[in-house]
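Some notes on the structure that comes next.
Only heavy atoms go into these numbers, but all of them, side chains included; no hydrogens, no water, no symmetry mates. It should be emphasised that the depicted structure is a prediction, and the values quoted were computed from it without experimental measurement.
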Amino acid sequence: MPPIFSRHILLLASLALLGACSSNAPSNTPAATSDDAYQRLMKLAGDVETRGDRGTAATLYQRAAEQPGAGFEAWQRLGEARLASGNLPGAEQAYQKAVALEPDNPIGLLGLGTAQLRLGYPERAQPLLASAAELMPDNVQAFSRLGAAEAQLGNIDAMQRAFAVASRLTPSDLDARSNLALAYALNGDSAKALREIDGVDRAPTAQPRHQRTALLVQVLAGTQGKPAGVQLGGASTAERRSLIAEAQRIAAITDPAERARALGLSANK
């Protein structure tokens with residue numbers, strides 16, 4: 001990400017360019033219309049976002065959204081930029097504006113549902129994500145985030161259905177496989193859970209979260225599981241014991257819904 005000072009210079013330069021395009025025009029040239037300003041702001045914001053500066057992009061998208069006649073795209077892109085930069089309340093507000101303009105647009109529903117899920121409101125997020133998944137039956141993110149919302153609400157069967165669709169859409173994705181394996185384990189189907197998680201911890205692209213999930217699934221599988229054989233990267237013996245103890249604590253929770261909530265499945269995927 002560019003340094004803060006250079007981000008400010010970039011933003012000021014972008015806004016100065018817009019000012020020059022309108023106020024410094026010769027008197028015999030019509031002033032730029034609000035639609036011209038909107039299009040320039042959206043283009044500048046997109047260019048800045050492409051370079052990875054989400055903060056400056058969000059400021060420019062906000063300027064675009066404030067233009068007369070600004071529509072769904074500006075608010076949706078503003079929400080997306082704020083979500084990526086970690087401004088969850090701001091993302092929620094922007095997506096609410098977008099959804100108010102186009103209530104049936106699945107991109108807006110997915111964005112608003114994601115923001116609310118990350119803010120810790122799965123009960124608000126679930127119906128939005130369910131609608132987004134219905135409208136976009138091939139969208140992996142919609143089903144993955146719906147599954148996370150169902151998990152946080154303790155809806156085990158619904159969680160399994162959502163994660164099963166996500167896994168079917170991307171069968172080689174380690175996150176999708178890990179989530180589905182957890183769903184099977186929480187539903188008491190250890191055989192399917194172990195089959196789904198097999199090899200995930202040893203995959204070349206496996207991240208620590210995948211390996212921790214593999215360990216948890218093996219512990220949840222009870223006598224069928226083999227947690228000692230799970231690869232945990234560079235984890236020390238003490239760290240492995242700590243992870244196994246935490247997995248055993250979750251496994252000891254008798255209510256499947258409470259176990260699902262204890263997992264703390266996130267909406268990051």
Side-chain angles (χ1 to χ4, degrees), residues 86 114 117-118 120 122 125-126 129 133 140-269:
T114 300
L117 184 58
R118 293 183 184 176
Q126 189 275 338
L129 295 169
V140 176
Q141 286 186 341
F143 285 98
S144 294
R145 293 170 189 177
L146 175 59
E150 300 289 10
Q152 292 182 28
L153 291 171
N155 300 330
I156 308 303
D157 290 338
M159 173 187 69
Q160 182 173 312
R161 287 194 297 270
F163 284 148
V165 174
S167 183
R168 186 175 71 245
L169 291 171
T170 54
S172 61
D173 183 82
L174 297 184
D175 285 304
R177 288 184 59 192
S178 298
N179 287 336
L180 182 56
L182 269 180
Y184 284 141
L186 289 169
N187 236 352
D189 196 337
S190 297
K192 285 185 178 179
L194 294 172
R195 184 165 61 248
E196 192 66 39
I197 205 67
D198 183 47
V200 166
D201 58 316
R202 300 183 299 278
T205 56
Q207 300 295 314
R209 67 178 182 275
H210 302 129
Q211 295 176 331
R212 289 194 296 269
T213 299
L215 178 67
L216 179 57
V217 169
Q218 295 288 347
V219 172
L220 288 171
T223 57
Q224 298 180 53
K226 297 179 180 178
V230 175
Q231 290 189 12
L232 291 176
S236 66
T237 302
E239 289 170 332
R240 174 180 285 272
R241 286 177 185 157
S242 177
L243 288 169
I244 290 177
E246 176 62 14
Q248 289 172 336
R249 183 192 68 80
I250 293 173
I253 299 173
T254 56
D255 180 40
E258 287 299 324
R259 279 208 307 268
R261 284 188 282 269
L263 292 173
L265 288 168
S266 74
N268 292 324
K269 286 292 176 179

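Although no hydrogens or angles enter the test, the distance criterion places no donor-acceptor pair under 3.5 Å between the side chain of Arg118 and the main chain of Gly86. In this structure, the side chain of Thr213 engages the main chain of Arg209 through a donor-acceptor pair within 3.5 Å. Judged by distance alone, with hydrogens and angles left aside, the side-chain atoms of Gln211 form a donor-acceptor pair with the main-chain N or O of Gly233 at under 3.5 Å.
Taking Leu243 as the reference, Arg212, Leu215, Leu232 meet the side chain to side chain contact (heavy atoms under 4.5 Å, CB included) condition, with sequence neighbours excluded. Listed by chain and residue number, Leu174, Arg177, Ser178, Ile197, His210 satisfy the side chain to side chain contact (heavy atoms under 4.5 Å, CB included) test with Val200 (two or more places apart in sequence, or in another chain). Residues satisfying the salt bridge (charged side-chain N to carboxylate O under 4.0 Å, His left out) criterion with Glu239, sequence neighbours excluded, are absent altogether.
For Arg241, the CZ atom is loosely surrounded, since the number of other residues' heavy atoms within 6.0 Å does not exceed 12.
Rounding to the nearest 0.5 Å places OG1 of Thr114 at 4.0 Å from CZ of Arg145. Remark: Leu220 CG to Ile250 CD1 distance equals 7.5 Å, nearest 0.5 Å. Atom-to-atom distance recorded for Glu246:CD and Leu216:CG is 8.5 Å, nearest 0.5 angstrom.
When all heavy atoms are compared, the tightest approach of Phe143 to Leu169 is CD1-CD1, 4.2 Å.
Every pair passing salt bridge (charged side-chain N to carboxylate O under 4.0 Å, His left out) that includes a residue from residues 197-208 is listed here, sequence neighbours excluded: Asp198-Arg202. Within the structure, side-chain hydrogen bond (donor to acceptor under 3.5 Å, both in side chains) pairs that include any residue of residues 215-228 do not occur (at least two apart or interchain).
No side-chain heavy atom of Glu150 sits under 4.5 Å from any side-chain heavy atom of Leu129.
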Just distance, no hydrogens or angles: give the donor-acceptor pairs under 3.5 Å from side chains in residues 180-193, sequence neighbours left out.
| unit_1 | atom_1 | unit_2 | atom_2 | d |
| --- | --- | --- | --- | --- |
| Asn187 | ND2 | Asp157 | OD1 | 3.1 |
| Asn187 | ND2 | Gln160 | OE1 | 2.8 |
| Asp189 | OD1 | Lys192 | N | 3.3 |

